[in-house]
Amino acid sequence: MATHQRLAVRKLVEQGVLTEAQFEAVMGALAAHEPRPRGKILAEIAAYIGAGLVFCGIALVIGASWDDLARGAQVALLIAVSVGLVLGAIAVVGGPSKLFDRDPHGSRIRLAGALLALAAGSVTGAVGTALDNGSADAGSWAALAGLVAAVFGYIAVPSVIGMLACGIFSASAIPVALDEMFGVGDLWVGLGMLVVGGIWFALSRIGAFVETWLGYAIAVGIALVGAIVVDSDHRPWAFLLSVLVAAVCFVLFAQQRSTVLVIGGGLAVALATGQAVTQWTDSVLAVAVAVLVIGAVALGVGAYLLTRSPKPAE
């Protein structure tokens, strides 16, 4: 899909003509019907295979001689790999002038995003190796460095793969940093993850990502894991955090009809119910049956109301 087409439709969102959900639907429909030459598809597949084999070869070479290298040489090697991946991404995308393009559907963008995601991983390894001197917070700095690299990589080449890299690093770096640097318990680690999930919710809501649905999916995943971590600290009110996640999902769903939000809200309600049951009762089976019955009734009522909704006038 041409960049100017995407920008033209994006202007309709900014003008209030289309909602974010409608924008994603239009983009998906246009991308699905856009003809793609078979040769271009094969070239993209070959490029991905080549990139994977090159990275695998580098990993094998490093692994074979890793123990024979001094720490400085190890760090220099990982930095060289990182720089090579970044330069490769810039070359694939078409040069520095092509950076910061918000069209995530081009084959060059996808490949460049993958190279930058790998670069974030190698940056993590370089920082971790450089600080690996018995320090307890070496892993924290390494994870934070990977997060920063992933964020900069996504800003330079916005892509779905870049979003996934940012999601993975943000979900791991913050808990690791809170645990290793500050020595906090599960309560604060879980709350930290909930804050990170909230940031993903907010950024997705304002359209900061190239795929809003994926931003919401990452937000839901991180937030629910945070609620589970708090619950593992045996806090009787932990289920309220899951209820909060559900409320956020349903409020956003009322504004943007994203399937991810309603699914995430349902999962959060189910999680909150399970947490409340295990905290407040000894007769888990009886309460589970009651929850099952209530859920079935709610499902039936919802389905009935949907089927009885008046059809729009033609």
Side-chain angles (χ1 to χ4, degrees), residues 51-93 96 99-100 111-184 186 188-193 195-197 199-200 203 209 218 221-222 225-226 229:
L53 291 176
V54 168
F55 191 79
C56 181
I58 293 174
L60 291 173
V61 170
I62 293 176
S65 58
W66 189 256
D67 293 336
D68 299 329
L69 297 174
R71 180 180 300 172
Q74 293 173 345
V75 174
L77 185 57
L78 290 172
I79 292 176
V81 171
S82 303
V83 173
L85 289 170
V86 171
L87 293 178
I90 295 175
V92 167
V93 83
L99 298 177
F100 311 107
L111 181 56
L115 293 176
L116 290 174
L118 292 174
S122 60
V123 167
T124 303
V127 174
T129 302
L131 299 178
D132 187 17
N133 56 357
S135 176
D137 56 0
S140 301
W141 288 112
L144 290 173
L147 174 60
V148 172
V151 170
F152 274 106
Y154 175 78
I155 293 174
V157 183
S159 65
V160 171
I161 297 177
M163 287 182 64
L164 291 173
C166 291
I168 292 172
F169 277 105
S170 62
S172 57
I174 303 304
V176 170
L178 289 174
D179 184 25
E180 293 187 358
M181 290 184 173
F182 302 100
V184 299
D186 290 340
W188 291 105
V189 171
L191 292 177
M193 296 190 70
V195 171
V196 174
I199 293 173
W200 275 91
L203 293 176
F209 299 116
I218 294 173
I222 295 177
V225 171
V229 172

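A quick note: this is a predicted structure, and the numbers were derived from the prediction, not measured.
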Roughly how far, to the nearest 0.5 Å, is the CD1 atom of Ile218 from the CG atom of Leu203? 11.0 Å

When you measure from the side chain of Ser140 to the backbone of Val176, do you find a donor-acceptor pair of N or O atoms at a distance under 3.5 Å? yes

Output for pair (Leu115 CG, Ser159 OG), nearest 0.5 Å, gives 10.0 Å

To the nearest 0.5 Å, tell me how far Ile174 CD1 sits from Leu191 CG. 13.5 Å

Heavy-atom pair of closest approach, residues Val157 and Ala112: CG1-CB, 4.0 Å

Among Leu77, Ile79, Val75, which residue meets the side-chain contact (heavy atoms from CB on, under 4.5 Å) test with Thr129? Val75

Could you state the interatomic distance from OG (Ser170) to CG (Leu144), rounded to the nearest 0.5 Å? 11.0 Å

Closest heavy-atom pair, Ala145 versus Val127, reported as atoms and distance to 0.1 Å, is CB-CG2, 3.6 Å

Kindly compute the distance separating OH (Tyr154) from CZ (Phe209), expressed to the nearest 0.5 Å. 6.0 Å

Heavy-atom closest pair (Ala165 atom, Ala117 atom, distance to 0.1 Å) is CB-CB, 3.9 Å

Step-by-step side-chain contact (heavy atoms from CB on, under 4.5 Å) determination, Leu116 to Val86: CA-CA 6 Å; Leu116 290 174; Val86 171; 4.2 Å; yes

If I take atom CG from residue Leu147 and atom CZ from residue Phe152, how far apart are they, to the nearest 0.5 angstrom? 10.5 Å

Give me the atom names and distance for the closest heavy-atom approach of Met193 to Gly226. CB-CA, 3.8 Å

Just to verify, what does Ala149 make a side chain to side chain contact (heavy atoms under 4.5 Å, CB included) with, not counting sequence neighbours? Ala120, Val123

